[in-house]
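Below, chain A is the first sequence line, B the second, and so on; all start at residue 1.
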2 protein chains.
Amino acid sequence: MPDRLSQFDKALFGLRSLVLGGAFLGDKRLSEVAVAKQLGVSRTPLRQAMDRLVSEGLLERIETGGCRVAIFTKQDITDAIEIRGVMEGTAAKMAAERGADPLLTAQANDALDRIDIALAPRGRIDFDLYVRQNARFHNLLGRLAGSGLIERELERMNRLPLASPSAFLIEQAGIPDFQESLRYAQRQHRAILEAITNREGSRAEALTREHARLALTNFDYLTKHRPEATKGVPGLALVTSRQGSTTDSA
Amino acid sequence: MPDRLSQFDKALFGLRSLVLGGAFLGDKRLSEVAVAKQLGVSRTPLRQAMDRLVSEGLLERIETGGCRVAIFTKQDITDAIEIRGVMEGTAAKMAAERGADPLLTAQANDALDRIDIALAPRGRIDFDLYVRQNARFHNLLGRLAGSGLIERELERMNRLPLASPSAFLIEQAGIPDFQESLRYAQRQHRAILEAITNREGSRAEALTREHARLALTNFDYLTKHRPEATKGVPGLALVTSRQGSTTDSA
DNA sequence: GGGTGAAATAATGTATACACAACCTCTGGC
DNA sequence: GCCAGAGGTTGTGTATACATTATTTCACCC
């Protein structure tokens, strides 16, 4: 987050948190003037922010103009998680095969060390620290691949609220043995980084895909046993189905 | 392409073709007013178009403001092709495992039939038709997966000028047995669609990845034997290396 | 002669005004 | 009572004006 907020940043962060907060869930369309007034910015930077959120998939354009909050189906979310797993796995494989930048590897190790601190064996888990360093580790995974393209793509995926590595890490989520599942995830982190360091491409890829499946597991558990918890997931407008258009311009 | 061009469309298509035409290759920064005047639009839609091209990866932002044409390394391109292969493979696998929409399958078949026409056994190849229907088939591959997310991601990838399925299909490229390579690609298309229809997920994925490697082969051949041909690739600013930043905000 | 600083110029970020399009409402007629 | 049309209202798309920031150049001092 930039130190000095430009009007655009103000609009982007403000709009994103409004959307994630579920402010416009029922709305047919977001009124630009109303939102601009609410955020204290003018329409120009707000429209830029809207464009950005559209490209992130949080909003979707309406044919006649303007945009509304995107509707996610459960399948959208599992798809997103699966695709993130594929991409992260590819990144890990690339990193292993090409040899990862030692500087970035050190940073990744540092992130994992801090997660260890967050998960201190005795005492209360520092959940906030975990989420932050977890996000940092996953971002570093993209950069370790040494490809600007995959780095950017992964960053984009990780911004998707429902596929991000931290999306369903809700302490109150009621997942059984939640703390143990975090420790399990951390062991996976270590294994992934080790595989990359040892230049074991296939192993790194498989481990990373497996790791991503944790999010799937959590999501499945939540939708089955605690559906109201997914309602608590910021901005989640879950529907079971959605009419799809199958038009094609030959 | 919309029938009635809005100012934004005018800016987007105009700017894209200017960039792809290599108009700003040496420039430190694109002047908004100058480009706006050249395209006959005002700065507002032009800036939107710039944002779009930045998200497509054709332009990149400058820290101090404004943007310039993106610089691609050869590795960027091979990476992009590989990642596209991974994503398309995933799409094909999803389509096969979930069962593809018959309507979309029919459209894909239609695209392939038209490619057959383009590759008519005797007579000159209809290269333009091939490229169009090839792009259509690859777009349909994304939609067959039945996931809005992967569909959008693939569309984004396919817009990347250097990773797109048609990027190195340059008739004059001097690839040996060029027409035969097109027929080979078409046989791969058929096999992919067949695997999807038969719901053979792994086979569909493998075939699709293999198919994507064609672009790699072509690109490798061109850079090795006809480096000047890659110069002819629209807007390609190829450099051999690039200084990377490895900063990290802990 | 070279370097540093300040001022001027130019370009971007932001705001606002205007025009056109869509939608909703209200009224009149059937 | 219901439907249709016209007018108003709301909203987006576009342009332009303004302010802020970066860059460059010139002059002065070392």
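Atom CG in Leu12(A) sits about 12 Å away from atom P in dT14(C), given to the nearest Å. In this structure, Asp9(A) places its CG atom 11 Å from P of dG13(C), rounding to the nearest Å. Residue Met50(B) contributes atom CE, which lies 13 Å from atom C1' of dG13(C) at whole-angstrom precision. In this entry the distance linking CG of Asp51(A) with C1' of dT12(D) reads 12 Å, nearest Å. Rounded to whole Å, the distance from NZ on Lys37(A) to C1' on dT16(C) is 14 Å. Regarding Glu63(B), its CD atom lies at a distance of 14 Å from the C1' atom of dT12(C), rounded to whole Å. Distance Phe24(B) CZ to dA11(C) P: 14 Å, rounded to the nearest Å. Distance Gln48(B) CD to dG13(C) P: 14 Å, rounded to the nearest Å.
Each of dA15(C), dT12(D), dT12(C) was ranked by its minimum atom distance to the side chain of Val33(A); first place goes to dT12(D). Comparing dT14(C), dT12(C), dT12(D) by their nearest atom to the side chain of Glu32(B) picks out dT12(C).
Considering only side-chain N and O atoms, Arg47(B) lies nowhere under 4.0 angstrom from the phosphate OP1 or OP2 of dT12(C). Proximity of Ser42(A) to the phosphate of dT14(C): no side-chain N or O atom is located under 4.0 Å from OP1 or OP2.
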Dump the intermediate steps for salt bridge (Lys or Arg N to Asp or Glu O under 4.0 Å) on Asp110(A) and Arg136(A), then the final yes or no. CA-CA 10 Å; Asp110(A) 178 66; Arg136(A) 184 178 167 220; 2.9 Å; yes
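A distance-only check finds a donor-acceptor pair linking the side chain of Asp76(B) to the backbone of Thr73(B) [under 3.5 Å].
Using a 4.5 Å heavy-atom threshold, the side chains of Leu59(B) and Arg68(B) count as separate.
The residues Glu56(A) and Arg156(A) are annotated as not salt-bridged, no charged nitrogen and carboxylate oxygen being separated by less than 4.0 angstrom. One finds no salt bridge joining Arg52(A) and Asp51(B) here, because no Lys/Arg side-chain nitrogen approaches an Asp/Glu carboxylate oxygen to under 4.0 Å. The existence of a salt bridge linking Asp79(B) and Arg98(A) is confirmed by a sub-4.0 Å separation between a basic side-chain nitrogen and an acidic carboxylate oxygen. In summary, Arg16(B) and Asp9(B) do not engage in a salt bridge, as defined by a charged side-chain N under 4.0 Å from a carboxylate O.
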Atom pairs, protein N/O to nucleotides 8-10 of chain C N/O, distance under 3.5 Å:
none

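At a cut-off of 3.5 angstrom, counting only N and O atoms as typed in the model, there is a donor on one side and an acceptor on the other between the side-chain of Thr44(A) and the base of dA15(C). For dG13(C), its base sits under 3.5 Å from the side chain of Arg43(B) at one donor and acceptor pair at least.
Using a 4.0 Å heavy-atom cutoff across all strands shown, Ile62(B) reaches no nucleic acid atom at all. Heavy atoms of Leu46(A) sit nowhere under 4.0 angstrom from any nucleic acid atom.
Projected onto DNA chain D by closest heavy-atom contact, Gly40(B) and Arg29(B) fall at different nucleotides, the more 5' of which corresponds to Gly40(B). Each of Thr64(B) and Arg61(A) was assigned the nucleotide of DNA chain D with the nearest heavy atom; the assignment lying further toward the 5' end belongs to Arg61(A).
Note that CD1 of Ile77(A) and CG of Leu149(B) are 11.0 Å apart. Values are rounded to the nearest 0.5 Å.
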